[in-house]
Amino acid sequence: MNTSVLDIPEQYQITETIQQKTYLVGGELKSWSGDMAEVYSTISSTEVYAPTLLGHIPQLGKKEALEALEAACSAYDKGQGEWPTMKVIDRIACMEKFVVQMKTKREEIVKLLMWEIGKNLPDSEKEFDRTVDYIYDTIEEYKQLDRDNAKFEKHDGVYAHIRRGPLGVVLCLGPYNYPLNETFALLIPAIIMGNTVIFKPAKHGVLLMTPLLEAFQNSFPDGVVNIIYGRGRVVATPIMETGRVDVLALIGNSKSANALQDSHPRQNRLRLVLGLEAKNPAIVLPNADLDLTIDECIAGTLSFNGQRCTALKVLYVHESILEEFNKRFSERVDALQFGNPWDKGAKLTPLPEPDKPDYIQGLIDDALEKGASILNEKGGRTVENYIFPAVLFPVNKTMRVFQEEQFGPVIPIVPFKDIEEPMDDIADSNYGQQVSIFGQNVQTLAPLIDTLVNLVCRVNLNSSCQRGPDVYPFTGRKDSAVGTLSVHDALRSFSIRTFVASKDNSYNNAILKELLDTKASNFISTDYIL
Ligand code: G3H
């Protein structure tokens with residue numbers, strides 16, 4: 001599992017650290033001279049293993065956090081702010097200005113994605129490109145939404161001009177596994193719909209925001225986007241405690257989400273957009289095409305080392321094909337190449353959380369104690385920043401690896417005889433994001449599909465679970481999510497329908513006509529954005 005540090009290509013070497021000494025509040029990149037936190041990569045750049053220092057970020061306190069909140073509230077300005085009242089076309093122009101600048105930062109951000117979270121080069125590039133596409137798709141979708149609303153309706157003698165309006169101030173927190181893409185999947189729709197935002201980058205994947213700070217600063221009016229750094233408990237909690245946040249947008253851990261939600265004193269006004277834990281299962285039926293199934297299960301369990309909320313986190317395999325599946329699957333796992341993110345062909349890469357290998361080891365030990373074995377030769381081998389994926393079999397409900405969302409490289413296989421066994425487990429699970437089902441007999445599949453769609457939010461037929469394409473709804477039942485994200489749905493999640501109504505009489509109609517003719521209102525408009 002060794003990778004030589006001498007193999008780091010020149011363009012990916014860390015020649016200087018990033019000193020992030022500013023934070024963005026009220027349109028100003030404020031200098032910070034207080035405590036700084038070190039940002040390390042678990043990837044070593046020396047022959048003898050040592051984490052690599054990548055830079056420093058400000059450790060802001062409550063005072064700075066509340067300044068950011070104040071700036072966001074002022075920019076919203078009780079609904080009168082420039083941004084929430086701005087014409088759609090002008091908001092779009094700001095977003096376009098931002099994305100044009102963002103595209104010039106691809107190289108820097110991709111390099112930081114690799115160092116900060118250990119994501120391999122092709123996936124880091126994909127994360128960047130997918131995010132740029134997401135922004136352009138959001139702009140197009142917003143134009144469409146605006147076109148759909150560029151009209152008046154009339155029912156029972158009342159005219160209505162209905163649009164989607166912003167909700168207010170959004171606190172936005174993203175996850176470390178997609179620090180750019182998932183964060184922006186919250187941030188971009190929140191901003192474009194006219195909300196003002198306070199955004200705290202994830203703990204890992206924080207320096208990669210540095211190249212974008214100026215673009216945020218110069219693309220949007222002051223206070224629309226505020227970017228702060230520090231510990232969640234120190235900066236996010238006091239913001240929530242004021243009761244002035246209208247939307248908590250968070251992709252990550254339910255513990256943080258619940259704590260933040262609970263610290264808001266006026267919960268009825270708090271809208272939630274949350275993407276939380278999942279334990280997506282795969283069900284492998286007796287007649288499944290094993291070549292295809294194994295390919296998909298490898299990608300599903302181990303892309304980005306299993307650190308995806310959509311990863312397959314437990315495999316249910318029918319006992320009739322178990323022997324062949326286990327053998328072939330384990331061989332395929334062992335054939336995966338471990339390396340640094342820039343190494344050609346590296347599928348398994350260093351884990352960004354220094355304590356993750358120990359945590360995974362704990363899951364393995366617990367399963368072994370309770371009767372499972374490691375099926376693959378390399379399973380559980382460790383180096384300083386990695387633990388090779390162990391294929392654990394047979395796994396049962398008493399084991400921690402069955403109960404916990406491992407979010408890392410370890411694969412539990414649960415044998416089943418009767419399909420009711422996995423179906424009952426899925427029904428009893430606290431999670432309800434997605435499922436993968438492998439098989440081809442329509443008579444068997446049909447009733448399973450009809451039930452599974454009522455237990456999760458996406459049933460993947462003969463393919464692993466995933467979020468994309470981003471135009472499709474991304475959500476979950478039970479403890480897995482609140483609200484729906486997709487290019488279209490996210491615009492809805494960060495807005496509310498609001499309208500102007502007037503009785504159909506000549507007095508009102510003359511006023512409406514004048515409003516339209518003079519274009520005096522940004523809300524009342526039937527202009528059509530092409
Ligand atoms: O961490 C959860 C992500 O939304 C997964 O997205 O399925 O595209 O990897 P993905």
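Positions are given from 1 along the sequence. The analysis underlying the following values was restricted to heavy atoms, covering all of them including side chains, and did not include hydrogens, waters or symmetry mates. Counting convention: from 1, in listed order, for ligands and their atoms alike.
- For F474, the heavy-atom gap to ligand 1 drops under 4.0 angstrom.
- Between F216 and F98, a ring centre-to-centre spacing shorter than 6.0 Å is recorded.
- Counting protein heavy atoms only, atom 2 (C) of ligand 1 is closest to C309 SG, 2.2 Å.
- Heavy-atom separations between R130 and ligand 1 include at least one value shorter than 4.0 Å.
- Scanning the protein heavy atoms around atom 10 (P) of ligand 1, the nearest turns out to be Y178 OH, 3.4 Å.
- Contacts with ligand 1 closer than 4.0 Å are made by side-chain heavy atoms of N177 only, the backbone lying farther away.
- Closest protein heavy atom to atom 5 (C) of ligand 1: T310 OG1, 3.1 Å.
- Taking every non-hydrogen atom of Q466 and a distance limit under 4.0 Å, the qualifying atoms of ligand 1 come out as 7 (O).
- Distance alone, capped at 3.5 Å, is enough to place a donor-acceptor pair between the W83 side chain and the I191 backbone.
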Stepwise salt bridge (Lys or Arg N to Asp or Glu O under 4.0 Å) test for K327 and E331: CA-CA 6 Å; K327 182 172 176 298; E331 283 167 5; 3.1 Å; yes
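- In this structure, the ring of Y386 has its center less than 6.0 angstrom from the ring center of F338.
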Open item on the list: Determine whether K111 and E108 satisfy the following criterion, salt bridge (Lys or Arg N to Asp or Glu O under 4.0 Å), listing intermediate values before the conclusion.
Closed with: CA-CA 5 Å; K111 178 174 168 182; E108 275 170 85; over 6 Å; no
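- Put simply, the side chain of N430 never gets that close to the backbone of D479: no donor and acceptor are under 3.5 Å apart.
- Distances from atom 7 (O) of ligand 1 to the heavy atoms of R467, E182, E127 put R467 nearest.
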